[in-house]
Amino acid sequence: MKKSYGKFIALIALVALTLTYSCKKMLNQPVTGYLSGAVLANKAGLEGLLIGAYSMLDGYAETSTEWETGIDNWIYGGVGADDAFKGSNTTDQPTAVPIENHTIDPSNEYISEKFAFFYNAVQRANDVIREIPLIKDGSVSASDASEVTAEARFLRGVFHFELAKMFRNVPYVDETITYGAGNYNVPNSGPIWKQIEADFTAAMGTGGLPKTQTDVGRANWYAAEAFLARTELWNHEYAAALPLFTDCITNGETAGGTKYALAANYEDNYDASKKNGPESVFAAQMTVNDGSNGNNDDPGEGLNFPAGDYTSCCGFYQPSYTLANAFKTDANGLPMLGSTSMSVQDYTGDNTTKTSVTANIPNSSVVNLGNDHGLTANDDFTPPSDNLDPRIDWTVGRRGIPYRDWGLCGGEQWSRGDLCPYNPIKNVFNHAQQASTSDPNGGWATNQGTADNYNFITVAELYLYRAECEVEANSISAAMADVNVVRNRMVNPAGWVHTYVDNSNPGAGFTTTPAANYVIMPYTTFPSQSYAREAVHMEEQLEFGMEGHRFFDLQRWDPITGGPESAGYMASVINGHIAAVTRIVNPVLDGHTFTAGKNEIYPIPLEQIQLENGQLKQNPGY
């Protein structure tokens, strides 16, 4: 699908404007190049509109800023939580800083672009549905029309879901909302989960999405079922979501007809040469070297590469100490669950003095994992020998550990701004595949666009989401079994990072010697519901670290959105992260806190409130 996007970009940009925002009040004559609904009223026109809607899945169009709107949510889901730091320096992309230190206000450029982009995406899906009744030439059969409508409603559900998890209280906009009808000022009276569920349910209906597709990038019936279950999970409808997750796990198959299954190795999900595999439930398709000048690669990650041997910019999205520490395991190979209320000496906003702060510090972060912060390239450093979950080195680039096939990671020497010694790795290409899986992102960032898909939902998520539902149903043994399915993949040493045969020649391959002291085992007991809940939540942090999930997971679990954790949960987690981090100077986080009852949801952009003539209401606290 993605390779077909490029030739429709200019066409669809015009269509989205001409169909949604009529110019007839300003002009008496048709504009040269104007494409009306009548011109597109045929099978080719409808397919072009649909492909244009699919093209928005990656979060990028030529009118958007890719790192602000990208579907990976690196800034909102990762930096805005405890997964990562923004990196670079405070004057580079300064409007990103308030997202990290929770001082964001409604005028912020990042959230304004995100909001506008995904409503443009919603309108592209709606344009598809509005076009179908205009087709009178017999080129589109009733069954074709039904399937295209189902695909458009699926996409509309996906786009609304992205908006709802970011801003929660957002307008629901369907095909009846148009400029011509004069009903385009739509209120945001509350969450829209039920309307999103209705779109996914309709997409699964008779004559809707098939169970297999000719193009692997198109949505199939099981993708809609997975999204419906996920939406119900976000709305805390655990009993409704549970059987849907079970059906997906038991019977689901990819659009290409492959039975859903965990990939053989964890890292396969981050290898562009293995994309669209059995673990990918639905993905935004990314391509490189396709004549688009880097506009079809993974757009949102363009700034998020280390200053290693094959990329040089821009040092954004640095894994946090908190995330790295989370991969510590105990003598039984299990995560170090829980937190400790303790007083720590933190730097204040002036970055020179310290003050005593009491916070719930994660047990894994009471003492930081050994790292190279503050060391020069010439200083000796030996990676720590702590027991570690092997997923750490597929998630966090650490000094002295093989970094894919690039060579030993340079740690803080590869970062920018000296805020953190860790580097992103999941979004990075393998050097051996560099020519075929990377290109200049947006035409400027050398090798910093990749062909690695963005997976909206994976089979691992199906298991862990089902485990969430089982915990809330008090089916503790079933939840443990699902968590162990995910953990057991990592018990197999074949999926670990191993040392190089020759450190000076990484291309020579790897030995069978683990690169670190990896110790991981399945759980043997969940002694209580609360323990089970924490174990499931921790597993999601470990499995999906640096994938833009974390903020939205914490938000979902917090009772402010109906979640099962105790009051102030999200604030406690993030403030514990800040307190632990700011024992070391951090000019972005020092002196800041996460405010419960406010920062769990991003603010509605001010310019959108102004445009909507009073129909949009601001989220609490802003």
Non-neighbouring partners of Arg168 that pass salt bridge (charged side-chain N to carboxylate O under 4.0 Å, His left out), sequence neighbours left out: none
Can you list everything that forms a salt bridge (charged side-chain N to carboxylate O under 4.0 Å, His left out) with Glu547? Sequence neighbours excluded, please. Lys426
Heavy atoms, side chains only, cut-off 4.5 Å: are Thr149 and Ile132 in contact? yes
Any non-hydrogen side-chain atom of Asn188 less than 4.5 Å from a side-chain atom of Pro171? yes
Any pair with a residue in residues 190-205 that passes salt bridge (Lys or Arg N to Asp or Glu O under 4.0 Å), sequence neighbours left out, goes on the list, sorted by first then second residue, please. Arg153-Asp199, Arg156-Asp199, Lys194-Glu197, Lys194-Glu237
Would you say the ring centers of Phe282 and Phe154 fall short of 6.0 Å from each other? yes
Mind checking whether Thr201 and Leu228 have side chains closer than 4.5 Å, heavy atoms only? yes
Can you name the residues that form a side-chain contact (heavy atoms from CB on, under 4.5 Å) with Ser139, not counting sequence neighbours? Asn42, Lys43, Ile135, Asp137
Are Leu244 and Arg230 close enough that some pair of their side-chain heavy atoms sits under 4.5 Å apart? no
Less than 6.0 angstrom separating the ring centers of Trp234 and Phe552, yes or no? no
Using ring centroids (six-membered ring only for Trp), state whether Tyr110 and Trp67 fall under 6.0 Å. no
Identify, with sequence neighbours excluded, every residue that meets side-chain contact (heavy atoms from CB on, under 4.5 Å) alongside Asn613. Asn185
Please check if any side-chain donor atom of Asn269 sits under 3.5 Å from a side-chain acceptor atom of Glu279, or the reverse. yes
So does Asp215 pair up with Arg218, basic N to acidic O under 4.0 Å? yes
Below 3.5 Å, can you tabulate the donor-acceptor pairs from side chains in residues 601-610 to any protein atom, sequence neighbours excluded?
residue	atom	partner	partner atom	Å
Tyr602	OH	Tyr76	O	2.8
Glu607	OE2	Ser112	OG	2.1

